[in-house]
Amino acid sequence: MAALEVRALSVGYGPVRALHEVSLDVPPGGITAVLGGNGAGKSTLLRAISRTLGFHRGTAGGGTVHFDGRPLDGLGAAGVVAAGVVQVPEGRQVFARMTVADNLRAGALGARGGRKRYAASLAEVHELFPVLADRAGQRAGLLSGGEQQMLALARGLMARPRLLLLDEPSLGLAPLVAARIGETIRRINDTGTSVLLVEQNASMALRLASRAYVLEVGEVTLEGDAAELAASDEVRRRYLGVVDETAAEDADRAQESAPVLRRWTA
Amino acid sequence: SGKATEGDGKGEDAGGVKTGQGVSDKTISLGVLTDMTGVYASLGKSVTQAQQLWADQTNKAGGICGRTIELTVRDHGYDPQKAVAAYTELEPDVLGFVQFIGSPFVAAVEKRIDGQDKGLVLPQAWSANLLGSPYVRVVGATYDIETINAIDYLLGNERIAKGDKIGHVYFEGDYGENALVGSEYAAEQAGLTIVEQKIKPTDNDMSAQVAALKKAGVKAIVISAGPRQAASLVGVAAAGGFNVPVVGNNSAFAPQLLATAAGPALMKDYYIASSTLPIGSDEAAPKKLATEYAAAYPDDGLDNGVVSGYTAASLYGEVLKKACESKDLTREGVDKALLGLDAFSTGFGITHDFSDPAAPSTRESVIMKPDSKVPGGLKVVQEARVAEPAEGFTFGG
Amino acid sequence: MTTFVELLLGGLSMGSVYALIALGFVVIFKATEVVNFAHASLLLAGGYVTAVLHDDIGFWPALGVGIAGAAVVGSAVEYTVMRRYRGADHSVLAIVTIGVDILLTTELTRRIGTDVLALGDPWGDKLLTVGDITIAQTRVAAFVAAALLITVFLLAFRYTTWGVSMRAAAENPQTAALMGVRLGRVSLSAWAVAGSLAAVAALFLTVFPTPGLERATSLAALKAFPAAILGGLDSTTGALAGGLIVGVTESFATGYQSDLTFLGRGFGDLAPYLVMVAVLLIRPAGLFGTKELARV
Amino acid sequence: MTDSEKTPGGASGGAAAGHPERTVGHTGEESHPPPPLTVTDVTVRFAGLTALDSVSFTVEPGSVHAVIGPNGAGKSTCFNVLSGVYRATSGSVRLGRTELTGLAPHRVAALGIARTFQNLALPPHATVADSMLLGRHRLTRAGFLATGLRLPSAAREAREHRARVGEIAEFVGLAGDLDRPAGALPYGKQKLVELGRALCMEPTVLLLDEPVAGMTADERRRTAAVVAGVREGLGISIVLVEHDMGVVMRLADAVTVLDFGRRIAGGTPAQVQSDPAVVRAYLGESPQSAETAANEEATP
Amino acid sequence: MSDTTHAPAKAAPHRTPRAYLWLAGSLLLLALPFYLDRFWLQAGLFAMAAAIGAIGLNLLTGATGQLSMGHSFFLAVGAYGYCVFAGESGEENGRQLTGLGLPTWLAVVLAVLLAGAAGGLFSPIAGRLRGAYLGIATLALIFIGQHVLFNAGDLTGGFNGRDVPVLSLFGFDFDDTEVVIAAVPFGSSEKLWYAGLFALLVGGLFARGVLRGRPGRAMNAIRDHRIAAGVMGVPVARYRAAVFVLSSMYAGLAGVLIALIFQRTVPDYFGMILALEYLAMIVIGGLGTVAGAVVGAAFVALLPQLLTHYSDSLPLVADPGSGGVTPGEASRYLYGAAIVAVVLFLPGGLTRLSVPMVRRFSREKS
Ligand SMILES: Nc1ncnc2c1ncn2[C@@H]1O[C@H](COP(=O)(O)OP(=O)(O)OP(=O)(O)O)[C@@H](O)[C@H]1O
Ligand SMILES: Nc1ncnc2c1ncn2[C@@H]1O[C@H](COP(=O)(O)OP(=O)(O)OP(=O)(O)O)[C@@H](O)[C@H]1O
Ligand SMILES: [Mg+2]
Ligand SMILES: [Mg+2]
């Protein structure tokens, strides 16, 4: 049985339809990747699972979400966290006026376990991102973009979730760190946490994941084993950036004829 | 349009009585512009209920000029815009106003009253600024006179003497500043020095004022503020062993205060000057009013607002009767009737003379002292009289 | 000199009452970033309950019920009104609290009517005298209560998960929800706490030297605005400091009124606002408030 | 009342009035290269932290200059100094001969320096068109009176500039989204709005802070093409901060590498990429980054 | 009147239902003085003045994000400024009052400018503070204003205020001397009605132009992201100051109009409650738009009047003094509840209401 089971999920923002009958699984202890271009609906999918669509004036228009057989649909956002599902949101969203340390404490609010567990989690994320230990007393809003991303991720890890929803965790991270994020995800996964990974760095995502889905304009267009998907032409071209010779030439020509911006004359 | 055909409402009834706005064959409408939800709520409530009581009694006794009295009440909550709006609303439909609380609002419409409307208005305020209009008439001594009388009481009882300093704690605004004119005049006459302390209606703790007055070494304090300020002042002074007499204007007392921590101190050495006998007086008229009011409004306490509201209403009644006799119930008729009224008394200890719009209707004041045992919480310590300096006081100087 | 010390102490003691009121603003602001204009009516509610009950059940139980009652009123406001606006603009929410304030104040003033209610406190008009200096015992009690409560909240905000949840929810409700913060519960608790604080403040605002609780009592709560801002709207320490500064300023401006006549009489009410503006010019987020972030 | 500070002519050159060296260009034909942007010994300190430590580099006219480095190295801080948001503790920044240090942001903008924000700084409710029109603030002159009284000049100006906004939106690929609120767009598109808004300023120097973050591979390629197109078409200088080495390699003419606020390397992309210090501090030997880089290089 | 309905007939095919609504609304507003009592006209005039003031506040708070709780101060500056500029020196109510005796039209202009200048003086403070801090700092203005109004007696007349000189334009006096037009006697309210409508129209259109144009975008940018606005070339400090000045000028104009309606300035009026009412107006109507300000002003200014006027016929209301809920209290309950409910059920303000309605209307037509 799947840890997370999304069935025929549809979501709209007012008149805008963002997801249409999306179904997807995250196997227990597995990593599932979701790929898709801008506006495909990846973040919307995660919001629907974590029950935070309301904050964006979005509404679920049908479908079900189950986690370990329990429906998540009736819960509030905090209830979902209590069930063990934690989302690291897109675009950092650190608590800018709180210190780094307090951000991490906030991350642990939904976690079970006492002081010891907290100390252990803290030590772990500090080891992972030493800069967060150095800057413990600094207000999070003053961190650099990448540091904020690390904090957002670390904050999510503090909750010790059973299912981690990651929305572009490597956004804005230096290559070295991005690579480390990959390792971390794998390590977390090894300890039994399932992961639903939305990531633009498709090569990393597909390397980590066992299953993968491609979303386009709110619908699943491709799905399957991550390795198989990585080999498909479509995915290679659009998400891995691997281009065969003729296509490259086409692209170059297309660029030539692509709209050029004239200078502006008053 | 409907507006165009509307006449001025003037006419004559079967009995040959001329009528105008607010008077029909069956009723005489009077307006009440009061404050029952704002800062003067406690005054407004007593005054309005007393006036309603008067109207009911009058109607039961057959009304005036064969007509029943109808009061239209508007509660403006001490909001200028609402007050002016309420005046505008009622003015075309009433003969005049038996009550108008808030002297700034009276001032705001005074031009209209004097210029076109000419209906008789009895404000529940005693500022000398209100004098001078033939239509806006103050019933009782103005604050300046009242303050002179109050200070004279202290002098007469040898609580203070020439050369002393006395403190004056007063509200910013009409009331306080008019009272200050009186205290300064009295001080000048008696060779006293005034130490001023201006406060706002939102100040409830008089500790700093007491400290300042104590520092200045005053021998007595005049307070021209609200009941709460008086209570705090007297309480703080007494608790701190600063034992000087305190006198206040008629608005500086409410019987409810006697139940608070300041109660004992108030009963010790605090005096109030006023233009009526207290409701708890043993005279016939106050006694009767007290009984009837208590019967009509069993849940509400007695205070001096009841007396002053009832007095104003009775005055209006008297004027209407006189106007009826001269067969002219128009606004002009009412005004004329009032000017002819030079000895009006309702048994509350003071006789009023309304023949001069530029002077208050009396220069006398009764001096009272808090006493929790009497209804209304005040007993008389000195009957109505005019202090010598008050006789010669000129207004607007 | 005695006058100076007396005014200073008088100011400090009145200031601690302001500090208590300001603390109520701070709690709501920290939890929701909303300036709560309904605080004055919570204060009236707490005071009213205490005042009507003390005769029957004694002062301390009455105070307890008053505190609980105001907490219930606060929670009810949160539950029935504020909750429905989650995510709205903060200035919009401030306006909503004005509406709530009008409703509550109208109801309470209608009940209080024209009465001046005593709270039945044990201190009465007793004074504490040290040398030449006297100060009302109620005010000493106020000072102690303010210092105590403010310390408690300072620690609570800093060290409990409640404090962290509150700040997180205020800053970014959505992300806080993603961290498992129950937004409803957090703001409910904040309103309840603000209500209880208001009841305590109401006690000290209406006992000697002020005559008692009456309909205009809530106006005095407005003086806590400059106090809260001056200290920093999101700082408990700031509430204390701001309250004391406002109290002392007011006391001196009034006490030395005769020496300050060139500023116009009745300057005492204005002085706290002038001090507030002066402080804000130097420190735009108050003395202890969190400075605005300026990074992109 | 704000009209006084407008650049006369408001043309593409956009150099400040009173800047003697460059009179403002008016036409597309004219192709004066923009003046060089020189950063000299810039140091920025925050309480207990040196975010930039005596950093110097020069952006050659018309070139793409990449600034790379680990997270927290000081790249965005550098942008903040260049755009007047932060004031450098010491050092100087010059555009041609004009000193920028100490100028308020809007004065820097008036000189034709435009930027995008790493963490997005878009109004949540305004439409994409309005957000982009904001970029044209410095090029337009209608003030309170002119717009309030609806003078024809204001209407004409608004029309012209809306047309140009349309062109730029078309160019960056937002033509279909002009009437949507920017806040409701997906992350990647919001980055494009930022880019479009900066282009709307008709800048002489364009500062891009991670323009392709949050995009898929082919979106990155497209955006990179847009950036290349900007340089081609407008001949302006571009300073680029980006963690995607593929994009950096493809676009940059020169690279400056920062680490802990210090400049640790500089040169052509190729030189930098093989610099051991850079590899150690930033790139690492991760197969992934090499892979992307290689892929990108396959499409020159 | 038949002319007016005929004239646009040619253009009719292009007219949207919205334009028809506008037309009908304007005709109604122009005709009202012929039908309404002074009370209602006065209520309407208060609403117009409030609308002008609220437009100003919406420019500042709604569009630029600078919370102001001191708006009534600037209204006071306008009102008293007019009195001082237009009034004559002399004694009034036993007080020596100073007045410059300028022509009244000039006094209006100068009063508005004076209010603007007062806003300009405060702008250094406004430039440094944000959010609730700015809001409460502006509260200081009210207390300063009240202090001055009470203490500068020779300018303001103190507690009881001073008389407002009658506005006179081209020899036409806006006073209570009756002029009969179409058999309807025109007093000050009827005359001022048209002056008020004109001022509101001009003020509204001006603000709308500003909001929809370049300054409006810059103002919104400052509200949404101050730093980004600066980087985009908006001189933030200067703009904030300019908007403060402009907003104060609107308040000044509203103040002048209010003074003319009152015929007397009363310091009590310009207090904190009024400032909060203005905030309520823009929130209830809709933040950041002219229509929002106007609708909100009408709501806040007229609702209490309606409630008190008809309170006698409201159920559950007892006679004053009988111990039940008095009309005054009932109207306060309803007013408080209305604020809460409007904001609750119409997030974005009352003006949101009209959008779907007009849309539906036009759909049905087509
Ligand atoms: N708050 C909102 N209001 C209206 N429409 C929205 C909102 N949020 C997202 N959308 C729309 O829903 C669709 C899906 O957006 P979503 O943010 O889920 O995309 P995404 O796949 O996460 O894109 P990206 O990779 O850029 O983050 C898009 O068309 C977007 O415009
Ligand atoms: N206003 C500030 N106050 C305090 N520290 C700051 C401030 N701005 C930046 N810093 C610190 O300066 C360092 C450099 O930040 P900067 O944003 O320039 O990094 P960056 O190179 O852009 O990193 P990234 O790639 O992660 O965006 C960081 O450690 C950051 O925490
Ligand atoms: Mg997304
Ligand atoms: Mg950065």
Side-chain angles (χ1 to χ4, degrees), chain A residues 13 16 35-44 56 90-92 131 135 138 142-150 167-168 170-180 182 200-204 207 237-243 245 248 251-252 254-255 258-266, chain D residues 9-12 26-28 46 69-77 118-120 139 160 164 167-168 170-171 184-189 199 202 209-210 213-221 225-226 228-230 232-234 243 245-246 281-284 286 288-289 291-292 295-296 298-299:
Chain A
Y13 297 98
V16 182
L35 307 180
N38 280 171
K42 308 179 295 292
S43 301
T44 304
H56 301 265
E90 172 181 55
R92 287 121 200 197
V131 68
R135 300 290 174 77
Q138 187 174 6
L142 297 175
L143 294 176
S144 84
E147 289 161 348
Q148 289 186 12
Q149 184 65 42
M150 299 178 205
D167 202 345
E168 309 198 9
S170 74
L171 182 85
L173 293 181
L176 209 55
V177 185
R180 213 160 66 225
Q200 301 295 7
N201 187 340
S203 61
M204 177 177 101
R207 210 160 352 98
R237 188 170 53 77
R238 293 202 45 192
Y239 301 104
L240 295 176
V242 182
V243 193
E245 296 300 304
D252 273 356
Q255 256 162 46
V260 249
L261 190 61
R262 294 180 290 106
R263 280 189 178 232
W264 187 64
T265 49
Chain D
S12 63
H26 280 271
T27 62
F46 302 107
N71 297 119
K75 306 178 294 294
S76 301
T77 304
Q118 181 180 8
N119 270 344
L120 298 178
L139 303 167
E160 283 169 14
R164 175 63 172 174
E167 280 172 29
I168 292 175
E170 177 89 46
F171 174 69
L185 294 179
Y187 191 86
K189 283 232 166 135
L199 284 176
E202 308 292 348
D209 202 343
E210 304 194 1
M215 295 184 180
T216 59
D218 65 343
E219 286 159 359
R220 282 168 194 239
R221 203 159 37 230
V226 166
V230 168
E232 227 93 288
L234 306 182
H243 289 300
M245 287 313 288
Y282 182 56
L283 296 174
S286 128
Q288 171 264 332
S289 62
E291 182 186 314
T292 355
N295 288 337
E296 287 294 337
T299 57

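Keep in mind it's a predicted model, so treat the numbers as computed, not measured. Residue numbering restarts at 1 for every chain, and letters A, B, ... go by the order of the sequence lines.
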Problem set entry | Spacing of CG belonging to D:L139 relative to CD belonging to D:E202, to within rounding of 0.5 Å |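 Output value for this atom pair is 6.0 Å.
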Exercise. Which distance, rounded to the nearest 0.5 Å, do you find between the CZ of A:R262 and the CZ of D:F171?
Worked result: 12.0 Å
Problem set entry | Which of D:G229, D:A281, D:G188 touches chain A most, by non-hydrogen pairs under 4.5 Å |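 It is D:G188.
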Problem set entry | Top contributor to chain A interface from D:K75, D:M215, D:K189 [non-hydrogen pairs under 4.5 Å] |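 That would be D:M215.
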What part of [X] lies closer than 4.5 angstrom to a heavy atom of chain D: side chain, backbone, both or neither?
X: A:R92; answer: side chain
X: A:Q148; answer: side chain
X: A:E168; answer: side chain
X: A:L173; answer: both

Exercise. Quick one: what part of D:L185 sits under 4.5 Å from any heavy atom of chain A, side chain, backbone, both or neither?
Worked result: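 For D:L185, there is no contact with chain A at all, as no heavy atom is under 4.5 Å.
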Problem set entry | Which atoms of D:A184 approach chain A - backbone, side chain, both or neither, heavy atom under 4.5 Å | neither
Exercise. By salt bridge (Lys or Arg N to Asp or Glu O under 4.0 Å), which residues pair with D:E232, not counting sequence neighbours?
Worked result: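 Per chain and number, D:E232 pairs via salt bridge (Lys or Arg N to Asp or Glu O under 4.0 Å) with no residue.
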Exercise. Looking at A:Q149, A:Q200, A:H56, which has the largest count of heavy-atom pairs under 4.5 Å with chain D?
Worked result: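 Of A:Q149, A:Q200, A:H56, A:Q200 has the most heavy-atom pairs under 4.5 Å with chain D.
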For this session: Find the one option among A:G146, A:G172, A:G145 whose heavy-atom pairs under 4.5 Å with chain D are most numerous.
Result: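 Of the candidates given, the most pairs with chain D belong to A:G172.
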Exercise. Within the side chain of D:Q118, is there an N or O that forms a donor-acceptor pair under 3.5 Å with the backbone of D:S76?
Worked result: no
For this session: Go through the steps for D:R164 and A:L261 under the test side chain to side chain contact (heavy atoms under 4.5 Å, CB included), then give the verdict.
Result: CA-CA 10 Å; D:R164 175 63 172 174; A:L261 190 61; 3.8 Å; yes
Exercise. Do the ring planes of D:H243 and D:Y282 sit parallel (below 30°), tilted (30 to 60°) or perpendicular (above 60°)?
Worked result: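 Tilted: the ring planes of D:H243 and D:Y282 meet at 30° to 60°.
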Problem set entry | Student check: side-chain heavy atoms of A:L143 and A:Q138 closer than 4.5 Å | yes
